[in-house]
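The residues of the chain are indexed from 1 along the displayed sequence.
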Amino acid sequence: MFKYYPHTEAEIKEMLDVIGVSSLDDLYGEVPEELKFKGQLNLPSAMSEHEVRATVKGLAGMNEMVHGCFAGYGSYDHYQPSVVPYITARSEFSTSYTPYQAEISQGTLQYIFEYQTMMADLTGMDISNASMYDGSTATAEAMLMCVANAKKRNRVLISGTFLPAVLNVVKTYAHYHGVDLVVVPEKDYVMDVEAARQLIEADDVAGLIVAQHNRYGYIEDFTGLADLCHAHKALLAINNHAADLAVVRTPGEWGADIACGDAQSLGIPVGFGGPYIGYLCVKSALVRKMPGRLVGATTDANGQRAFVLTMQAREQHIRREKATSNICTAQGYMCLFVACYLALMGEKGVREVNELSYAGAHFLQDALLETGHFEKVADHEFIGEFTLRLKSGKAADFIEYMLETGVLAGVAIADDLVTISVTKKYGKDYCEFYAESAKGFFEK
């Protein structure tokens, strides 16, 4: 009944006796003494609620004014309707654990089902799961699905235009699963399609994974890639920036077999890097190769609509070492964020978010080019993220300088390259302030 109460001395002693130690300090016996902190923690004395509020308010007042977050590169500062955190903060949803007992988990199962339905629609695929931790691990799982489907092939190609963080995670998964991961080189800031073609035509490739948009912000052309892959018995997986899916050709329209990526841009705050949620959607033929949870709709004994976890024979608690994945804890709570956001915004709203981001990004690019201190690196299409080259100075120094003006100006991806993101939150006034502030770096 009182499961959150601290343990009593008797309970602590009983637990210590079971594991064969005499005190809590013995649990840290292997830690060298020089690494143990023996002083007093720098904690304030006890305060009343009023004093705590005043103290926190004072600390908040020390924060510096920020005139816009233009640093994307995988984490995007999108607008979040105020009702989303209100709904998700309800106590009924305060768990991320899998609702095995369907008879008492209908609400949780329903919102996961709605999430799956909306993500399948958004990607143009048949089925979505609900258990990916983030976009990088979802991409790694897509790689493993390619190998599992091919059976006798373990070579997978991945575009070199992925975000470095995603690429590194996929490489780690490949190393420990014995996958021969080959990075397809880039050409003119997009994947070298001809290089990919030559590799696929060797007939030893299980799949190709490509990025949309890529790490420079550019929209890539995947025309013919699905036919090429399928002609050589390989799968095509497309990693999309989730918010883009409302306005770009979907993985389903490209003919892809797997859609994967990060859904943080659909209502989840930046949150210092997490928690986020990866999505994984597939054509129905691959459903038994898919890791994670699947919620299905059915009818109960009274003929009423009901929800259940389905096809659980794929899971590690059934198949153990033969399971498709070791993922056990569902990302249900983050599914709720995305489901609420998409339900509130609707197709029209998500499209409008992209239109505003597009307008802001192109306005800012033009404004920066007009300063004479930047130049384009390519003429590819982009929505809300783009890359420019500094004609003088270092990109890292530019980012640091802009921070002093209160602008998170982007991400320095090379000595002279900066990638900049614009979301709906930052309109013309913010972009003009950015461009005007940028002049100071070159004129100092």
Side-chain angles (χ1 to χ4, degrees), residues 73-74 129 131-187 190-193 195-215 220 222 225-226 228-230 232-241 251 256-262 274 276-283 286 288-292 314-316 319-328 331 413:
Y73 218 58
N129 76 356
S131 295
M132 299 290 100
Y133 297 130
D134 53 32
S136 57
T137 51
T139 308
E141 295 286 356
M143 172 192 67
L144 297 180
M145 284 183 65
C146 290
V147 174
N149 181 72
K151 296 180 180 179
K152 293 184 179 180
R153 299 181 180 184
N154 77 328
R155 171 169 289 188
V156 176
L157 310 180
I158 186 167
S159 172
T161 60
F162 266 92
L163 291 170
V166 176
L167 199 55
N168 287 336
V169 169
V170 177
K171 286 179 178 179
T172 300
Y173 270 63
H175 175 77
Y176 289 101
H177 284 83
V179 177
D180 180 15
L181 186 68
V182 178
V183 178
V184 181
E186 63 180 70
K187 183 178 181 181
V190 294
M191 184 185 72
D192 187 341
V193 176
R197 180 185 302 278
Q198 293 177 12
L199 289 165
I200 292 169
E201 288 177 348
D203 285 327
D204 61 353
V205 171
L208 168 65
I209 310 174
V210 293
Q212 185 78 292
H213 60 258
N214 67 24
R215 71 190 187 101
E220 299 201 20
F222 301 140
L225 276 184
L228 174 65
C229 289
H230 298 156
H232 294 274
K233 300 181 180 180
L235 299 181
L236 175 63
I238 300 180
N239 175 302
N240 269 91
H241 173 57
D257 305 284
I258 304 170
C260 59
D262 205 303
Y276 293 165
I277 179 173
Y279 68 87
L280 188 63
C281 306
V282 301
K283 293 297 185 183
L286 293 173
R288 293 192 180 276
K289 307 295 183 184
M290 172 186 267
R314 303 167 307 112
E315 293 300 333
Q316 75 281 2
R319 302 179 68 213
R320 299 184 183 276
E321 74 278 359
K322 294 181 180 179
T324 54
S325 173
N326 286 322
I327 292 174
C328 184
Q331 284 284 86
I413 64 171

Next on the checklist: Let me confirm one number: the CG-OG1 distance from Asn239 to Thr139, rounded to the nearest 0.5 Å.
Outcome noted: 4.0 Å
Next on the checklist: Checking the side chain of Arg153 only, and the main-chain atoms of Gly207 only, is there a donor and an acceptor separated by less than 3.5 Å?
Outcome noted: no
Next on the checklist: My understanding is that only residues two or more places apart in sequence, or in another chain, count here; which of them pass side-chain contact (heavy atoms from CB on, under 4.5 Å) with Asn129?
Outcome noted: Met132, Leu280, Met290, Leu294
Next on the checklist: Looking at Asn154 and Gly178, would you say the former's side chain and the latter's main chain have a donor-acceptor pair under 3.5 Å?
Outcome noted: yes
Item to check | side-chain hydrogen bond (donor to acceptor under 3.5 Å, both in side chains) partner of Thr161, the single match among Glu220, Arg215, Glu186 | outcome: Glu220
Checklist entry - Is any side-chain heavy atom of His230 less than 4.5 Å from a side-chain heavy atom of Asp257? => result yes
Checklist outcome for this item: Scanning both residues in full, the closest heavy-atom pair of Val184 with Ala195 reads CG1-CB, 4.2 Å
Item to check | salt bridge (charged side-chain N to carboxylate O under 4.0 Å, His left out) contacts in which one or both residues fall within residues 162-183, not counting sequence neighbours | outcome: Arg155-Asp180
Checklist entry - Rounded to the nearest 0.5 Å, what separation is found between the NE2 atom of His232 and the CG atom of Leu208? => result 12.0 Å
Checklist outcome for this item: Interatomic distance, CE@Met143 vs OH@Tyr173, rounded to 0.5 Å, equals 8.5 Å
Checklist entry - Closest approach of Cys146 and Val156, non-hydrogen atoms and distance? => result CB-CG2, 4.3 Å
Item to check | Nearest non-hydrogen partners of Val183 and Ser159, listed with the distance | outcome: CG1-C, 4.4 Å
Next on the checklist: Check this for me: Lys233, atom NZ, are more than 12 non-hydrogen atoms of other residues, nucleotides or ligands nearer than 6.0 Å?
Outcome noted: no
Item to check | Verdict with reasoning, Tyr73 to Ile413, per side-chain contact (heavy atoms from CB on, under 4.5 Å) | outcome: CA-CA 9 Å; Tyr73 218 58; Ile413 64 171; 3.4 Å; yes
Checklist outcome for this item: Correct closest heavy-atom pair for Ile238 and Pro251 would be CD1-CA, 4.0 Å
Checklist entry - So do Phe162 and Val170 actually touch side chain to side chain, heavy atoms under 4.5 Å? => result no
Next on the checklist: Using 0.5 Å steps for rounding, measure from the CG atom of Leu167 to the CG atom of Leu181.
Outcome noted: 7.0 Å
Checklist entry - How far does CG of Asn149 sit from CZ of Arg288, to the nearest 0.5 angstrom? => result 14.0 Å
Item to check | Within-4.5 Å side-chain heavy-atom neighbours: Ile258 and Lys289 | outcome: no
Checklist outcome for this item: Heavy-atom closest pair (Lys283 atom, Ala256 atom, distance to 0.1 Å) is CE-O, 3.5 Å
Checklist outcome for this item: Between Tyr279 and Ala138, the two heavy atoms sitting closest are O-CB, 3.5 Å
Next on the checklist: A side-chain contact here means heavy atoms from C-beta on lying under 4.5 Å apart; do Leu235 and Met145 qualify?
Outcome noted: no
Item to check | Criterion side-chain contact (heavy atoms from CB on, under 4.5 Å) against Cys229, the qualifying member of Ile200, Val205, Leu157 | outcome: Ile200
